[in-house]
Amino acid sequence: MKGLDMDKEVEILKTAFESSYDGIHILDNQGNTLYINNACTRIEGISREEAMTKTIKELVANGVYSESVTLKVLETKEPTTIIQTAKNGNQLLSTGTPTFKEDGSIDKIVVNSRDITDLNELKRELSVKEELAKQYQIELELLKQQHGKQPDFIAKSPAMQKIIRLALNVAKVDSTVLITGESGVGKGLLAEFIHNNSNCAQGPFIKIDCSSIPESLFESELFGYEKGAFTGAEKTGKAGLLELANGGTVFLDEIGEMPLSMQPKLMRAIQHREIVPVGGKLVKKLELRIIAATNVELTQKVRDKEFREDLYYRLNVVPIRIPALRERREDILPLTLRLTEKLNKHYGFCKQLTEEVKDLLLEYEWPGNIRELENLIERILVSTQEDVIDVKSLPVHLLRGKTGAFPFDDMGTEDYKTALAKYDQHLLKLAIEREGSIPKAADRLGIDATTIRRKLDKYENLLK
């Protein structure tokens with residue numbers, strides 16, 4: 001059989017290249033394109049004309065590619081594989097293979113590119129499912145520990161999952177716990193959670209708000225008093241809050257506000273688990289666990305001589321810090337869903353939030369933490385007549401989000417969709433400007449870089 005002539009061979013090779021599902025890109029040793037197939041232009045979002053008229057360095061500089069496997073091959077003179085992002089946002093697995101001249105220098109580079117965007121999306125979905133599995137594992141453990149009760153905490157964030165695990169471990173012993181964190185993060189809820197999962201769960205849980213008891217009444221409220229102990233005392237005497245908590249847990253909330261004069265007596269009660277009521281002589285033994293909480297920096301109060309150092313160390317046996325809501329944004333939407341379901345059931349509503357509202361909830365800093373979120377959700381649910389709640393129902397301060405200023409207070413004749421697009425575009429561009437690049441902005445905002453690029457392209461067309 002006669003061999004094929006040169007033209008026929010070239011035609012067959014061209015047909016094979018153009019039929020390939022993968023991208024094939026052939027360049028010379030200067031980074032100029034010699035050939036690019038249709039699959040390559042499709043998956044990389046580049047036109048044949050653009051590829052043929054610009055060097056690979058220019059294409060990278062213009063953002064067509066995030067980086068170049070060709071340049072790496074020219075540098076190393078070895079076959080190289082990288083994952084790069086194309087102009088259209090696709091993730092590409094690109095392999096560059098050099099061919100050499102007789103003198104050993106590179107002649108050409110053949111680049112094979114495969115679109116792995118869908119593969120990465122499947123990988124991301126698998127990762128999400130694995131995280132959900134971990135979450136379900138924690139919630140199952142909570143359900144077992146609480147004898148069938150609904151879990152008290154939303155723990156999608158790694159920070160809260162870690163706290164729940166620690167709380168469950170601490171609940172098995174009677175060590176004193178000091179819970180710290182900003183106002184509204186759920187310190188009281190965590191204290192109850194520890195009590196409910198402890199060996200004294202069947203005993204009382206007594207909360208003492210140290211900031212609300214007058215200093216003159218503190219001792220009698222905590223330790224109780226015998227009959228006739230002071231003028232105005234009940235004739236039969238009165239048991240103190242610590243005695244009422246016997247067999248259970250006492251929760252000393254806002255411990256940083258406890259009067260300095262009371263702190264030595266509390267320390268002795270904690271150390272020896274015993275009290276003497278006001279006006280009494282007999283020691284009463286206590287079997288209880290003590291949990292304290294504060295939203296102030298106790299170490300600073302110690303330095304300022306406003307809190308006893310020995311009491312601080314007696315309380316700070318097992319410290320647990322609950323992070324602010326802005327530090328665990330993964331919990332915001334699950335908390336919102338839980339609150340919405342709870343209020344819908346309580347009031348007989350059937351209301352839901354739009355995706356735009358959820359996005360703004362994620363952006364907001366929440367200085368009042370969960371308490372502020374609870375108040376906001378109840379406010380918008382009870383004050384909005386429609387079943388679908390959109391951004392028009394949100395207070396102005398929430399619309400300002402992280403930027404501190406809302407750039408579109410005067411919408412003029414713009415419709416809702418256009419104004420919202422402008423606002424989203426503004427946020428994305430601001431993040432890119434502050435972080436210096438799209439990938440860094442994506443990390444800061446907690447979304448994919450591809451999402452940012454697609455959104456910006458969409459808004460550019462919409463807002464022309």
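FYI, side chains are in, hydrogens and waters are out, and symmetry mates aren't considered; it's all heavy atoms of this structure.
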Any donor-acceptor N/O pair, Asn37 side chain to Asp22 backbone, under 3.5 Å: yes

Asp115 backbone acceptor or donor facing Asn90 side chain under 3.5 Å: no

Nearest heavy atoms of Ala159 and Pro323, plus distance in Å: CB-CG, 3.9 Å

Leu298 versus Gly256, closest heavy-atom pair with distance: CD2-CA, 3.7 Å

Student check: side-chain heavy atoms of Leu445 and Glu363 closer than 4.5 Å: yes

Residue pair Glu254 / Asn295, side-chain heavy-atom distance below 4.5 Å: yes

Is [X] salt-bridged to [Y], cutoff N-O under 4.0 Å?
X	Y	result
Lys392	Asp390	yes
Arg338	Glu341	no
Arg329	Glu365	yes

Do [X] and [Y] have a side chain donor and acceptor closer than 3.5 Å?
X	Y	result
Thr384	Glu386	no
Thr294	Thr180	no
Glu58	Asn62	no

Check against side-chain hydrogen bond (donor to acceptor under 3.5 Å, both in side chains), Thr450 and Asp448: CA-CA 5 Å; Thr450 303; Asp448 292 333; over 6 Å; no

Partner set under ring-ring contact (aromatic ring centres under 6.0 Å, His included) for Phe17, not counting sequence neighbours: Tyr35

ring-ring contact (aromatic ring centres under 6.0 Å, His included) against Tyr347, all qualifying residues, sequence neighbours excluded: Phe349

Salt bridge (charged side-chain N to carboxylate O under 4.0 Å, His left out) contacts in which one or both residues fall within residues 369-385, not counting sequence neighbours: none

